[in-house]
Structure formats: structure tokens, C-alpha cells
Amino acid sequence: MKQKFLKIHPNDNILAALQDIESGDVITTETDSFSAVEPIAAKHKFALHDFKAGDEVIMYGVLVGKAIKNIAKGARISIENCVHASANYGVGGEKYTWQAPDVSKWKNRTFNGYHRADGSVGTANYWLVIPMVFCENRNVEVLKSALQESLGYHTTIDFIVDTDSLVNQYQNGASAADIMNTEIIRTPEEIKQNRTFANVDGIKFLTHDGGCGGFRLDSETLTSLLAGYITNANVAGATILSLGCQNAEVKNLLSSIHERDANFSKPLHVLEQQKSKSERHFIAEAVKKTFLGLIEANKIERKPASLQHLTLGLECGGSDGFSGISANPTLGYTSDLLVALGATTVLSEFPELNGVEQELINRCASEENKKKFTHLMDTYAARAVALGSGFKNNPSPGNIKDGLITDAMKSAGAAKKGGTSVITDVLDYTEKCTKKGLNLLCTPGNDVESTTGLAGSGCNVIAFTTGLGTPTGNPVAPVIKVSSNTALTEKMSDIIDFNTGTIITGEDTIASKGEALLEYIIAVASGEALTASVRLAQDDFIPWKRGISL
């Protein structure tokens, strides 16, 4: 019989319901037996003992809230009886030691990737078309309409509708019956065969609303982010469209590229509209130079590479009460495997680390990184409060509905994505990953802003856990959707890639699913498995303007 509840940590004073519990159901633990005093929906939490107003609520072994009224043993923990609370933190703590998992079975494993001149290896091979300022967004769209389908790249590679065949039938006098019998759906295999450049996975057309106006810092951050995308191992080269007078200056972009790669040699075509004879000439030149760039990009083929060249982004969104029990710990175990293999993993979303700061500080390898992480968290929290918000306002209505009622509770589960390894570096937004091992990257909790930042810091693949479902993807880094529960996997099978719900039902362990997830990541990195976000062309790109985004 499936277990009804789970005590996650020995010090916890609340339990997580793994399935619906009815009022009167008997809850038997190792030391006690009592009845549920009200219905407890799956994913929600309930009291292990009586609480008085002001008592601390502990889950994952950390403070996640405080009771604001008396709560009876066996009663549901909810926003009506509990509020956010988190522990204080500071630089210091005990020396951290890590026991790496056994990775001998992957010791000589490789993935097939695109080798770059700087020594990095991409899991994909994309060409970028990027505007320096929102004024150029329309021209980016013109280039998209001129290039994408003509070269065999379509808005989705799940399937395409070949309307041209119907036009041909009509022009040739076909009957209604002939038209109805015409096959117009093209499969992924047929689409790939029609690509002009077989080794180029796609042309990605980025648009944004920045580059001018607002704070000058926003434009400087934008140029740094764009430099991160151009130098990402998954990118072969780029076409840059500049108006000419914007705050996001091309010289700053080139400087940021040079900071990341002093010997940068990818094809890079920069066009300035205010120096062009006309818009027609501007577009024509951009199309021709992009085409020449694609010819160069097509010369690169996949070749074996060590798993050390993987840089995995660790992301979550649309979380539920099972995320911190199944999907996030699974991803954390996979992160530990990759770190033990000499690869890089990156944990983002600083608002969702509230309440577990001390654990992460203790895991930092250097005093410098401990201080940097503390400073970034303090600054983020202070800005949120100054704007009348705060980490306590973070859980979304969907989170709360599915059992995550405080930010600290949500964060304690979200942090499980980072596994248990030592933290080798702490990065501010747009900073490039340069150290192997687990990195912390300051991004907002907003899913798209965060995944945008992960790719900008060098991630060549992203694993994204979800309990409620979200289609979020990224233009250059394949995003793997990891479901926390089987019901979601079955309901939204078109966007989910990997299911960890079998941990909840007791069919699998975190370790077994973590190993299976690593195998899937290797397949994606090799181009052997296509993620749903790539198949559906879910190319979400939202630069963070450094305002408060929870």
C-alpha cells in the first residue's frame, strides 16, 4: 500500500501528505499514533504535534514558518494558521565536507557536442540574430520571416502544416476531394531533411524591450547578457542589429565579449541602421551576412566530448508540494553526479534560497564566496522590502494552492536542486561560469528571467523541475522539464520530458531517478533526444532589469 505521509527530516514537526488523507484517518509514526482532525489534500502539510501561536514550524530540518494561532495535532498547516519565518544567517559556521557519490560507471562516458575554439563544447549549434535596442525588433522579425522557413527552420519542429501543397492543388484545378486527400502534415524527420544547413540546429531571433531609456545600468547589463549568449558554447555566431544612438552601445558589447573570451573568433556581423543607405539595403545586407555566417556554422559537426564540458542550469517553476520531495532532490542528486565527474552545475533564483542561506554559506569553498553570497542575498532582500514587498510575498497562488504556503518552505525544497556538493563559486547576474563544480548565480525567481540568466552565464543545458507545469524554454540552451508527479506527466505529456512521480508512489528512489536523469541529459546533449521546449520552439528570453522580481 502506498505510504500516506512523509517526515522529510528527523527534526521536522510537520508531515507531508503523499496522498489525500480523510478526517479521522489514523497517522502512525515511529513514536506516535493520532488521527487527522480534518481532510488533508495530497501535497499539503499537517501538524505532528499541537502548536501554540508563535511556535516555530520546522520542515526539511529548517525554520519555514511560525504559527499565528493554535494548531491541533493532525490539522492542516495553511496560510490561515501559519506565516513565513526564516532563520538568521551570517558568514562563518562549521567546515563543510562532502562525500561524492560513486560515478565510476560514467568515468569514460562522453556526449557528442560542438567543439569551439575557446575549448568549450556546445550541446547545440545555433546562429543568433540580436537587436541592441527595442527599435530594431521589427527588423529582427523581418529577418525571421525572410530566413527561417526558407532555410528549413520552422516555428515548431513537432510538425508543420504544408499549406503550399494545397495552393498547388488549387492552382492545378484539384477537386474538393483531392484537396481533402492531400497530406499536409510534415513530420520532424521530413523537416530535418529539408534544412539547407544540416549541422545548424536553428536560427534564434531574440527580441527585448531594452537598450535605451530607463537606467543606464540596465543597458550595460543587457550588453553583458547578450555577450554571454554570443559566447555560449551552443552558439556558432551572431548577427547584431544596432540603430546607432542607443544606450546599449556596440562597443560595450564587444568589450563584454572580449572579457569572456580574449581570443573570440566566432563569426560576428554588426550592422548599424543609421549608417545604411535605406532600410531595404540594411535588411538585404543583414540577410546576406547571416547566410554567409550559416555557411561557416554548418562546417562544425558533433564530436565526442568529456562530460566535464557540461554546464547544467538548475531551475524550477510552477512548483508544488511534491517538488521538494521528488523532482528537486532528483535533480540535486544528478548535480552531485556531474560535479563528481568534473562538470559544472549552476543553482539560480536567489529569492528561493531564503531560509537556507546558512547551509549554503557553510558549503562555500572560500571566505570570499561566503561574503559575496551574503551580500547579494542581503541586498536583494533589502531592495524587496524598500519597494513594499519581501521574500514573504514570494509564493504564487498556484504554489499556495498546492501546498507551498511560505517562501521559506518553498525555498527549502527549491534548494534541494543544488544537491550536497561544495559550492565553488558565487556569481552575480551575467557573470560567466569559470569554475567547475556547483555555482550559485544571482537571478530573480521569475522563471524566464532566471533561465535567461542561466544561459547568459554559460549553461549549455538546463534542467527545469515543475509540479504544476510550465512550457518555459530558452533560445540557446535545451530545457529539460522534470515533473514532480505522475499526474502532471500524464496531463501535460506534450511539455514534460522526465517524470519523478514514481518516487512519490515508492516505485523509484531519488538515486535511481537521479542516475536516469543524468542519462537523459547526456542524450539531450548529444542531440539524440529532443526536449519538448525545443520541439515546440519555446524560445523565452526576458533580460532582468535588476529591479525586484520574485
Side-chain angles (χ1 to χ4, degrees), residues 5-9 12-21 39-48 56-68 71 75-87 314-332 347-357 359 384 389-418 444-447 450 464-470 472 481-485 487-488 500-501 503-504 549-550:
F5 64 89
L6 177 66
K7 186 177 183 181
I8 298 172
H9 188 278
D12 290 356
N13 55 20
I14 60 176
L15 301 174
L18 299 182
Q19 57 179 294
D20 291 345
I21 295 173
I40 313 294
K43 305 181 183 181
H44 285 258
K45 319 303 179 294
F46 58 99
L48 186 54
E56 294 184 342
V57 177
I58 307 297
M59 186 177 178
Y60 297 100
V62 299
L63 175 65
V64 298
K66 282 192 177 180
I68 54 175
I71 306 173
R76 183 171 67 95
I77 306 297
S78 68
I79 57 174
E80 287 76 30
N81 58 31
C82 179
V83 295
H84 168 82
S86 59
L314 312 172
E315 179 71 22
C316 66
S319 299
D320 72 345
F322 286 161
S323 292
I325 300 172
S326 57
N328 292 345
T330 294
L331 182 52
L347 179 63
S348 58
E349 298 180 294
F350 274 26
E352 300 191 2
L353 301 178
N354 176 227
V356 292
E357 295 96 338
E359 175 195 337
S389 186
F391 290 153
K392 65 182 180 180
N393 302 117
N394 189 21
S396 70
N399 294 150
I400 294 169
K401 180 182 177 182
D402 265 44
L404 298 176
I405 64 169
T406 73
D407 184 56
M409 182 183 292
K410 181 180 179 182
S411 295
K416 297 299 180 184
K417 301 191 304 291
N446 177 285
D447 299 345
S450 184
F464 188 124
T465 64
T466 182
L468 303 177
T470 167
T472 302
K481 288 294 168 49
V482 181
S483 171
S484 73
N485 62 91
L488 171 62
T500 64
I503 293 173
I504 300 299
S549 182
L550 294 175

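In this chain, numbering begins with 1 at the start of the sequence shown. Everything quoted here is computed from the prediction, not taken from an experiment.
In this structure, H44 contributes its side chain and A17 its backbone to no donor-acceptor pair below 3.5 Å. Between the side chain of K66 and the backbone N or O of V64, no donor-acceptor pair lies under 3.5 Å. Judged by distance alone, the side chain of K417 and the main-chain N or O of A414 form a donor-acceptor pair under 3.5 Å. Between the side chain of S319 and the backbone N or O of T466 there is no donor-acceptor pair closer than 3.5 Å. A donor-acceptor pair under 3.5 Å is absent between the side-chain atoms of D320 and the main chain of L468, judged by distance alone. At distances below 3.5 Å, not a single donor-acceptor pair connects side-chain atoms of E359 with backbone N or O atoms of E357. Not one N or O on the side chain of K416 forms a donor-acceptor pair closer than 3.5 Å with the backbone of I325. A distance-only check finds no donor-acceptor pair linking the side chain of N81 to the backbone of A67 [under 3.5 Å]. Side chain of D12 to main chain of L48: no donor-acceptor pair is present (N/O by atom type, distance under 3.5 Å, no hydrogens or angles). The main-chain N or O of A412 is never found under 3.5 Å from a side-chain atom of N328 such that the two would form a donor-acceptor pair.
What you find for V62 and V356 is that their closest heavy atoms are CG2-CG1, 4.4 Å. T500 approaches S483 most closely through the heavy-atom pair OG1-O, 2.6 Å. Contact record, E352 with C316: OE1-SG, 3.6 Å, taken as the closest heavy-atom pair. Between I71 and A47, the shortest heavy-atom contact is CG2-CB, 4.1 Å. Minimum heavy-atom separation, A408 to A85: CB-O, 3.4 Å. Shortest non-hydrogen contact noted between I77 and I405 is CG2-CD1, 3.5 Å.
Between the CD atom in E349 and the CG atom in N446 there is a gap of 9.0 Å [rounded to 0.5 Å]. Within the model, atoms CD1 of I79 and NZ of K401 stand 13.0 Å from one another, a figure rounded to the nearest 0.5 Å. Separation of atoms CD1 (I400) and OG (S78) is listed at 10.5 Å; rounding is to 0.5 Å. For the atom pair CG (L353) and NZ (K410), the distance works out to 11.5 Å, reported to the nearest 0.5 Å. Between the CD1 atom in I504 and the OG atom in S484 there is a gap of 7.0 Å [rounded to 0.5 Å]. Atom CD1 of I8 is separated from atom NZ of K45 by 7.0 Å, given to the nearest 0.5 angstrom.
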| Intermediate values then yes/no, side chain to side chain contact (heavy atoms under 4.5 Å, CB included), T406 and M59 | CA-CA 11 Å; T406 73; M59 186 177 178; over 6 Å; no
| task | Decide side-chain hydrogen bond (donor to acceptor under 3.5 Å, both in side chains) for T472 and D447; before the verdict, give the C-alpha distance in whole Å, the side-chain angles of both, and the deciding distance to 0.1 Å. | result | CA-CA 7 Å; T472 302; D447 299 345; 4.5 Å; no
| task | Report the C-alpha distance between F464 and T470 in whole Å, list the side-chain angles of each, state the deciding distance to 0.1 Å, and finish with yes or no for side chain to side chain contact (heavy atoms under 4.5 Å, CB included). | result | CA-CA 9 Å; F464 188 124; T470 167; 3.4 Å; yes
| request: Begin from the C-alpha positions of V57 and N13 and carry the test side chain to side chain contact (heavy atoms under 4.5 Å, CB included) through to its verdict. | output: CA-CA 7 Å; V57 177; N13 55 20; 4.2 Å; yes
| request: Go through the steps for S450 and S348 under the test side-chain hydrogen bond (donor to acceptor under 3.5 Å, both in side chains), then give the verdict. | output: CA-CA 7 Å; S450 184; S348 58; 2.9 Å; yes
| field | L18 and F322: CA distance, side-chain angles, deciding distance, side chain to side chain contact (heavy atoms under 4.5 Å, CB included) verdict | value | CA-CA 8 Å; L18 299 182; F322 286 161; 4.1 Å; yes
| said: Checking N354 against S411 for the side-chain hydrogen bond (donor to acceptor under 3.5 Å, both in side chains) test, could you report, in this order, the C-alpha distance in whole Å, the side-chain angles of both residues, the deciding distance, and whether it holds? | reply: CA-CA 6 Å; N354 176 227; S411 295; 5.4 Å; no
